[in-house]
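Structure, as C-alpha cells:
Since the model is a prediction, treat every value here as computed from it, not as a measurement. In this chain, numbering begins with 1 at the start of the sequence shown.
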Amino acid sequence: MSQLVKVGRNDPCPCGSGDKYKKCCLPTDEAGNVVRIGAQQTAQAQEVMAEPKHPASQAEYKSFLAYLQWTSPIYEIIAAKLPEHLLGRYTWKDISMIASLWNHYSTLSKPIINKQTVILATLEYTLSFLLEEAEITQTAVAARYGVSAGSVSKRFQEILGFLDQTMGDDEEDEERDDDDDDDNDEVFDLFDDDDLFLPDRGLISPAQPLIDKAWHSHSLKERKALAEQAIKLDPLHPDAYNVIAGDLKDFQAAADYYRKGIEAGRKRLGSAFFKKNKGYFWGLTETRPFMRSMYGCAELCLYVLQRPKEALSLLEEMLDLSPDDSMGARYLLTTAYMLTKQYQKGITFIEEYDEDSAQFNYNRIFMLYMLQGPKQELKRLLRQAKKQNPHVLPLLLGLKKMPKNPPETIGFGDESEAVEYFMYHHRLYTEHPEIVAWMANN
C-alpha cells in the first residue's frame, strides 16, 4: 500500500539525482521552508512490485497510477486527468507527487466527489502551494477550471488539515551521519495554523485496522465479520456500523445501523467537542465516521423509508456542524424541504448557497411554483436551469429513457447529473404534473 511520508535526510533525493536528499536538494528546500513529501510502500507491497520511477510520459504515468491502490474508481479517474491540466506548467515529477498525495488523502479521508473540476483545481493549487509559487492564487486557479474560488478554498483547507495531521504523525528522529554538523536543524512546519482544530489523537480507535481492512475487502461476508469484530473491540466507532449498514438490502435495518453509528459518534466525541468544533466538523478526521453515519441515515430516510422529517433534522444538523458541506448534504436538504413542504425555507437555503446546479435550479423552480404559481420570474429561472443542464427536462417529460444502471460518478451539467436528479425527484413531479406541463410549454 502507498503511504505519504516526509522525505528523510538519508532517503534518495526526490529530484532523481541518485544522491541522498541531504547531499542534494535539502539545503535549498530548508532555505525555502519546503517540506518534501513522497510515496513510500510497505514491505508487503514491495514484495509484489518495485516502486516505479517518476514517470516521464503518459504511458509511464498510467503505470504509476496502476501501481497505487485506489479505494474508488473516481479517485483514480481524477488522478488520470491531472496531466492534461498540469503538463507544460509542471513536470511529470510534480504531477506524480500531487497524484501520490491525492491517493493517500482519498484513501484515508474518502472524500465525497460532487464536481471533479473542483478537485482538479484544488490539487493544482495545493501543488503550487507546496512548491511555494506565491504568485498563483486560488481565484486564478478556480477561474481556469470554471469553478468558484470558495469551493477551491474549502477543499484546500481539508487537504491542508490532513497534511498537518499526517506530517505530525510521521515525525520521528532520523539517523544522521557522524560527519553531519546539523543536530540542531529546525523542523519547518508549513501548516502551522492556530485556527485549525487538530484531531485529538487520543480518539484514534484500536479497531481502526479492522475497519480499514473491511473498507478494502471485496467480500460481503468478510466485511461483516471484520465490522462485527471492530464493534466488540470498540462499540463507539461509527464506521463499524457504517460498514454493515452499507451492505444491507433491508433498508430499515440499514438505517438502524446508521443510527447506532450516530449514537456511538455522539458518545465518542462528547458534547464539549461538538460545541468547540461546530462549523469545522468535516475538516477534522475523527468526526468523519459520525458524519458518514448521519449522511447514510438521512439518505435512506429521505429517499427510501419516506421519513423526510427525520432526514431533514439530520441534514440541518450536518450543515450546522459543517457549513462547507464536502459531503453534499445540501442537495439532500433541498429535497427534504420539498417533501416536508417547507418551500420558503428551501428557497432561502438555495439562495444562501448560490450554486448553479441542476439540484438547486430545478428544486427552486418547483418550490417557487408551489408557493406562487407560474409567475413571470419562473421563465427566467427555467431558462437558467435548462442552460445549466438541458438533459433534465427530457427525462421529466418522458422524451428520454433512463439508463439501466445509475451513473457511477456525477458531473455538473451532464447527463449523469440529470439522471441522478430524475431518480430522486420524479415522484414529486408525478404528484404535480402541472409543473411539468408548464415547463414543457416554456
Side-chain angles (χ1 to χ4, degrees), residues 1-8 11-12 14 16 35-87 90-131 152 155-170 191 208-209 211-218 285 288 326 408-409:
M1 180 180 293
S2 174
Q3 293 183 330
L4 194 69
V5 297
K6 289 187 292 186
V7 176
D11 289 342
V35 177
R36 292 272 185 166
I37 56 177
Q40 182 182 68
Q41 281 66 48
T42 62
Q44 181 181 6
Q46 290 172 346
E47 290 177 1
V48 177
M49 60 170 65
E51 180 177 1
K53 297 179 181 179
H54 285 303
S57 67
Q58 186 67 46
E60 290 181 6
Y61 182 71
K62 185 176 180 180
S63 298
F64 175 80
L65 296 185
Y67 168 78
L68 302 174
Q69 295 185 15
W70 301 91
T71 55
S72 172
I74 187 60
Y75 299 153
E76 186 173 6
I77 288 171
I78 289 172
K81 290 182 178 180
L82 286 170
E84 66 183 82
H85 294 280
L86 302 180
L87 202 57
Y90 295 97
T91 66
W92 280 110
K93 182 177 72 173
D94 296 330
I95 296 170
S96 62
M97 180 184 76
I98 198 65
S100 181
L101 187 157
W102 169 241
N103 171 260
H104 190 62
Y105 170 72
S106 64
T107 296
L108 296 182
S109 300
K110 299 180 179 64
I112 302 296
I113 308 300
N114 294 316
K115 194 172 186 179
Q116 293 183 32
T117 47
V118 170
I119 303 300
L120 289 164
T122 303
L123 292 177
E124 177 174 335
Y125 180 74
T126 302
L127 179 58
S128 71
F129 177 84
L130 293 173
L131 297 177
V152 174
R155 291 286 190 172
F156 174 66
Q157 289 300 325
E158 293 170 5
I159 294 177
L160 198 66
F162 172 81
L163 284 173
D164 192 29
Q165 182 192 2
T166 301
M167 289 185 172
D169 288 345
D170 287 340
F191 311 108
Q208 192 62 52
I211 294 168
D212 290 341
K213 187 176 180 180
W215 284 126
H216 287 83
S217 174
H218 296 291
T285 306
R288 296 182 180 182
S326 297
E408 293 184 1
T409 60

Report, one line per pair, each donor and acceptor closer than 3.5 Å where one atom sits in a side chain of residues 79-87; sequence neighbours left out.
from	atom 1	to	atom 2	distance (Å)
Lys81	NZ	Gln116	OE1	2.7

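Considering CG of Leu127 and CH2 of Trp102, their distance stands at 14.5 Å, rounded to 0.5 Å. Interatomic distance, Leu120 CG to Arg155 CZ, rounded to the nearest 0.5 Å: 11.5 Å. Taken to the nearest 0.5 Å, the OG atom of Ser106 stands 9.5 Å off from the CG atom of Leu101. How far CD1 of Ile119 is from OG1 of Thr126: 9.5 Å, rounded to the nearest 0.5 Å. Rounding to the nearest 0.5 angstrom, the gap separating the CG atom in Leu123 from the CD1 atom in Ile95 is 11.5 Å.
Side chains of Leu130 and Asp94 form no contact here, defined as non-hydrogen atoms less than 4.5 Å apart. Between Phe156 and Phe129 there is a side-chain heavy-atom pair separated by less than 4.5 Å. In this structure, the side chains of Leu131 and Tyr90 come closer than 4.5 Å at one or more pairs of heavy atoms.
With sequence neighbours excluded, the residues satisfying side-chain contact (heavy atoms from CB on, under 4.5 Å) with Lys110 are Tyr75, Trp215, Arg292.
Side-chain N or O atoms of His216 include one that pairs as donor or acceptor with a backbone N or O of Asp212 at under 3.5 Å. The backbone N or O of Lys213 sits nowhere less than 3.5 Å from a side-chain atom of Ser217 that would complete a donor-acceptor pair. Checking side-chain atoms of Ser96 against main-chain N and O of Lys93 turns up a donor-acceptor pair under 3.5 Å. With hydrogens and angles disregarded, a donor-acceptor distance shorter than 3.5 Å links the side chain of Ser128 to the backbone of Tyr125.
The shortest heavy-atom contact between Val152 and Ala121 is CG2-CB, 3.8 Å. Minimum heavy-atom separation, Trp70 to Ala99: CH2-O, 4.0 Å. Of all the heavy atoms in Pro111 and Tyr105, the pair that sits closest is CG-CE2, 4.0 Å.
Sorted by first and then second residue, the salt bridge (charged side-chain N to carboxylate O under 4.0 Å, His left out) pairs with a member in residues 112-131 read Arg89-Glu124, Glu124-Arg144; sequence neighbours excluded.
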